[in-house]
Participant: 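I have a structure here, written as structure tokens, and I will follow up with some questions on it.
Both backbone and side-chain heavy atoms feed into the values below; hydrogens, waters and symmetry mates do not.
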Amino acid sequence: MCLAVPGRVLDIEERDGTRMAHVDFGGVVKDVCLEYVPEMEVGDYAIVHVGFALQRLDEESAKQTLELFENLGVLEEEFGDAWGRAAKEAGADRPDGTGPGAEPVAGPPPAASPGAEATKTGTGKKPGTPKEAQR
């Protein structure tokens, strides 16, 4: 689902010639481009879609919308903990290093898929298989 979510501008800076801000969406802070709404100031609320502030919004409307989204579970869906949600749905513990704000953990290399050795030879045929079985 794609939503335009209200958020409060925490700070504003220029990055590579683009006006950017850290915006708080009810506890989740994201980088947001302010180029479409140059009048935005620290403390203002904006409607944000896919990382772009689209419109300034008054504080009361923003808070009402955030409360409604939270009650509907939309904020969790949009900004929530994907690793935790997936682990819960699978009935498993959350993988190490996947907590909110955690850095990715290097793990073992992915297992080779069946038939992967066939692509290594460049022939499209599995090594050691009789020619009759390969046809």
Side-chain angles (χ1 to χ4, degrees):
M1 175 188 311
C2 293
L3 293 176
V5 180
R8 183 173 177 270
V9 176
L10 300 177
D11 60 52
I12 298 172
E13 65 185 6
E14 191 88 9
R15 282 191 228 152
D16 298 321
T18 302
R19 196 161 184 252
M20 298 292 292
H22 288 108
V23 177
D24 179 6
F25 299 95
V28 175
V29 177
K30 299 277 187 179
D31 288 336
V32 172
C33 177
L34 299 180
E35 288 296 309
Y36 295 138
V37 282
E39 71 276 8
M40 293 297 297
E41 297 178 7
V42 172
D44 286 349
Y45 284 82
I47 295 290
V48 178
H49 179 64
V50 294
F52 291 88
L54 302 177
Q55 178 182 339
R56 190 175 178 281
L57 186 65
D58 65 275
E59 182 175 0
E60 184 179 335
S61 296
K63 287 183 176 182
Q64 287 175 349
T65 303
L66 283 170
E67 183 179 342
L68 176 63
F69 283 0
E70 186 164 343
N71 290 340
L72 294 172
V74 173
L75 291 180
E76 175 65 24
E77 184 178 320
E78 192 73 13
F79 299 115
D81 176 12
W83 283 106
R85 199 167 45 249
K88 183 179 177 182
E89 288 172 6
D93 291 333
R94 158 196 240 18
D96 289 341
T98 62
E103 293 295 318
V105 176
S113 59
E117 65 274 0
T119 59
K120 291 179 186 176
T121 65
T123 63
K125 299 175 184 175
K126 293 182 181 180
T129 307
K131 288 184 181 183
E132 299 81 37
Q134 294 178 7
R135 291 186 192 160

Participant: At their closest point, which heavy atom of Phe25 faces which heavy atom of Val5, and how far apart are they?
Facilitator: CE2-O, 3.5 Å
Participant: Mind checking what makes salt bridge (Lys or Arg N to Asp or Glu O under 4.0 Å) contact with Asp31, not counting sequence neighbours?
Facilitator: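 Here the qualifying residues are Arg15.
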Participant: Assigning hydrophobic clusters by single linkage (Ile, Leu, Val, Met, Phe, Trp, Tyr; side-chain heavy-atom cutoff under 4.5 Å), is Val23 placed with Ile12?
Facilitator: yes
Participant: Once rounded to the nearest 0.5 Å, what's the spacing between atom OG1 of Thr65 and atom OH of Tyr45?
Facilitator: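 Reported to 0.5 Å precision, the distance equals 11.0 Å.
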Participant: Tell me, please, which residues at least two apart from Asp11 pass side-chain hydrogen bond (donor to acceptor under 3.5 Å, both in side chains).
Facilitator: His22
Participant: Who else is in Met20's hydrophobic cluster (ILVMFWY, side-chain heavy atoms under 4.5 Å, direct or via others)?
Facilitator: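 Taking Ile, Leu, Val, Met, Phe, Trp and Tyr as members, Met20 stands alone, with no cluster partners.
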Participant: Enumerate donor-acceptor pairs with a distance under 3.5 Å from any side-chain N or O in residues 33-42 to protein atoms, sequence neighbours excluded.
Facilitator:
from, atom 1, to, atom 2, distance (Å)
Glu35, OE2, Arg19, N, 2.6

Participant: Counting only pairs under 3.5 Å, give me each side-chain donor-acceptor contact of residues 53-60, with atom names and distances, residues two or more places apart or in other chains.
Facilitator:
from, atom 1, to, atom 2, distance (Å)
Arg56, NE, Asp44, OD2, 3.2
Arg56, NH2, Asp44, OD1, 3.2
Asp58, OD1, Ser61, OG, 2.9
Asp58, OD2, Glu60, N, 3.3
Asp58, OD2, Ser61, N, 2.9
Asp58, OD2, Ser61, OG, 3.2
Glu59, OE2, Lys63, NZ, 2.8
Glu60, OE2, Gln64, NE2, 3.3

Participant: Show the nearest heavy-atom pair for residues Leu66 and Pro6, with the distance to one decimal.
Facilitator: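 So the two residues come closest at CD2-O, 3.4 Å.
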Participant: Indicate the atoms forming the closest heavy-atom contact of Val9 with Ala21, along with that distance.
Facilitator: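 Smallest interatomic distance, heavy atoms only, reads CG1-CB, 3.9 Å.
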